[in-house]
There are 2 protein chains.
Amino acid sequence: MKNGEVTIEGHTLGECTKSILPVRDALEVLSGKWKLPIIISLMFGNKRFSQIAREVPGITDKMLSKELRDLECNELVKRTVFDSIPVVVEYSLTEYGHSLKVVIEVLREWGSKHRERMMVEA
Amino acid sequence: MKNGEVTIEGHTLGECTKSILPVRDALEVLSGKWKLPIIISLMFGNKRFSQIAREVPGITDKMLSKELRDLECNELVKRTVFDSIPVVVEYSLTEYGHSLKVVIEVLREWGSKHRERMMVEA
DNA sequence: TGTTTAACTATCCTTTTGTATAGTACTTAC
DNA sequence: GTAAGTACTATACAAAAGGATAGTTAAACA
């Protein structure tokens with residue numbers, strides 16, 4: 001086996017399998033129903049907790065707080081606490097978070113076409 | 001309210017919320033750990049059940065058969081049975097399935113960079 | 001004859017995800 | 001004083017996703 005070969009459980013992977021891996025990595029960070037919607041909401045500007053909750057249709061407080069924590073861990077979202085009275089917490093996208101813009105645009109375009117397609121069929 | 005306004009539960013949606021909807025539509029079809037990996041595998045050519053199972057790392061037969069059915073429902077994948085002896089079943093991407101190529105490419109690129117980033121940090 | 005391959009399905013179980021509901025501590029508006 | 005808003009956390013629960021293991025039918029291979 002040459003140096004630099006990608007392996008899993010001891011055997012060399014095929015081209016196809018290898019090209020799946022990075023997509024899987026992306027999927028892991030963006031998985032679930034809410035992460036991309038939250039990120040999209042923050043692309044429109046910095047927001048406070050309840051503002052995001054209002055803009056992402058159907059999300060509950062619990063999910064929002066959990067997903068924001070996940071996104072913070074992955075350095076896609078930044079949480080800033082202003083120690084005014086009362087305390088104000090603001091969420092914003094990091095630069096890294098903004099790098100998802102292309103991904104979101106492509107998904108939005110595909111999603112639009114998909115929705116149209118469904119309409120026509122129904 | 002003007003004609004053509006998008007609403008949910010009776011009130012007009014903001015720009016941000018509206019731009020979330022198509023992404024949510026896309027996410028619904030592509031949700032889960034396995035759908036994109038399976039589609040990627042089929043982008044490399046038509047395949048039989050066990051071939052896909054071998055190329056998508058970690059998938060079980062159960063998951064594969066379920067996900068293939070889902071993808072067939074959404075017209076992304078076509079299932080062809082050749083009534084040879086023994087029966088041979090071949091899976092292929094439909095033209096619509098191929099329209100996901102851009103999505104996958106963008107995700108792969110982002111995923112690669114993400115993986116690199118993780119490496120450097122660790 | 002026993003094993004292997006192909007293409008699944010079935011069953012059981014665990015984990016993850018998501019929902020519903022309530023509660024807290026503080027502040028401003030009425 | 002009461003209600004409402006802000007930014008959450010806590011608890012309990014239901015549903016969906018995923019995993020482990022085994023079984024089926026039928027042919028081919030050794």
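Naming convention: chains lettered A, B, ... in sequence-line order (proteins, then strands); numbering from 1 in each chain.
- Tracing side-chain contacts under 4.5 Å through hydrophobic residues (I, L, V, M, F, W, Y), one never reaches I52(B) starting from F82(B); they form parts of separate clusters.
- Between the side chain of T17(B) and the backbone N or O of V56(A), no donor-acceptor pair lies under 3.5 Å.
- Residue V88(A) is the one, among G32(B) and V88(A), whose nearest nucleotide of DNA chain D lies closer to the 5' end (criterion: closest heavy atom).
- Between the CE atom of M63(A) and the P atom of dT11(D) there is a distance of 16 Å, given to the nearest Å.
- When the P atom of dC26(C) is taken as reference, atom CZ of F49(A) falls 19 Å away, rounded to whole Å.
- Contact between the side-chain N/O atoms of R54(B) and the OP1/OP2 oxygens of dA6(C) is found at a separation under 4.0 Å.
- Rounded to a whole Å, the CG atom of L27(A) is 17 Å from the P atom of dT16(C).
- Rounded to an integer number of Å, the gap from I52(B) CD1 to dA7(C) P is 9 Å.
- Straight-line distance from the CG atom of L68(A) to the P atom of dG18(C): 14 Å, rounded to whole Å.
- Only one option out of N46(A), I39(A), L100(A) pairs with L93(A) in a side-chain contact (heavy atoms from CB on, under 4.5 Å); it is I39(A).
- Here dG18(C) presents its P atom at 13 Å from CG of L64(A), a figure rounded to the nearest Å.
- Closest to the side chain of S50(B), out of dC8(D), dA6(C), dT6(D), is dA6(C).
- One atom, CG of D61(A), and another, P of dA12(D), lie 19 Å apart when rounded to the nearest Å.
- Side-chain N/O atoms of R48(B) include one lying less than 4.0 angstrom from OP1 or OP2 on dA7(C).
- With rounding to whole Å, Q51(A) atom CD is found 13 Å from dC8(D) atom P.
- Within the 4.0 Å cut-off from OP1 or OP2 of dA6(C), not a single side-chain nitrogen or oxygen of Y91(B) is found.
- Across dT19(C), dG18(D), dA7(C), the shortest atom-to-atom separation from the side chain of W34(A) is found for dT19(C).
- Listed candidates were dC8(C), dT6(D), dG18(D). Nearest to the side chain of V89(B) is dC8(C).
- Of the side-chain N and O atoms in S65(B), one or more sit less than 4.0 angstrom from OP1 or OP2 of dT9(C).
- Taking the six-membered ring where tryptophan is involved, the planes of W110(A) and Y96(B) are essentially parallel, since the angle between them stays under 30° and well short of 60°.
- On a pure distance criterion of 3.5 Å, no polar donor-acceptor pair joins the side chain of K33(B) and the base of dG18(D).
- K62(A) contributes a side-chain N or O that forms a donor-acceptor pair with the base of dT19(C) under 3.5 Å.
- When atom types are taken as modelled, the side chain of S50(B) and the backbone of A53(B) share no donor-acceptor pair closer than 3.5 angstrom.
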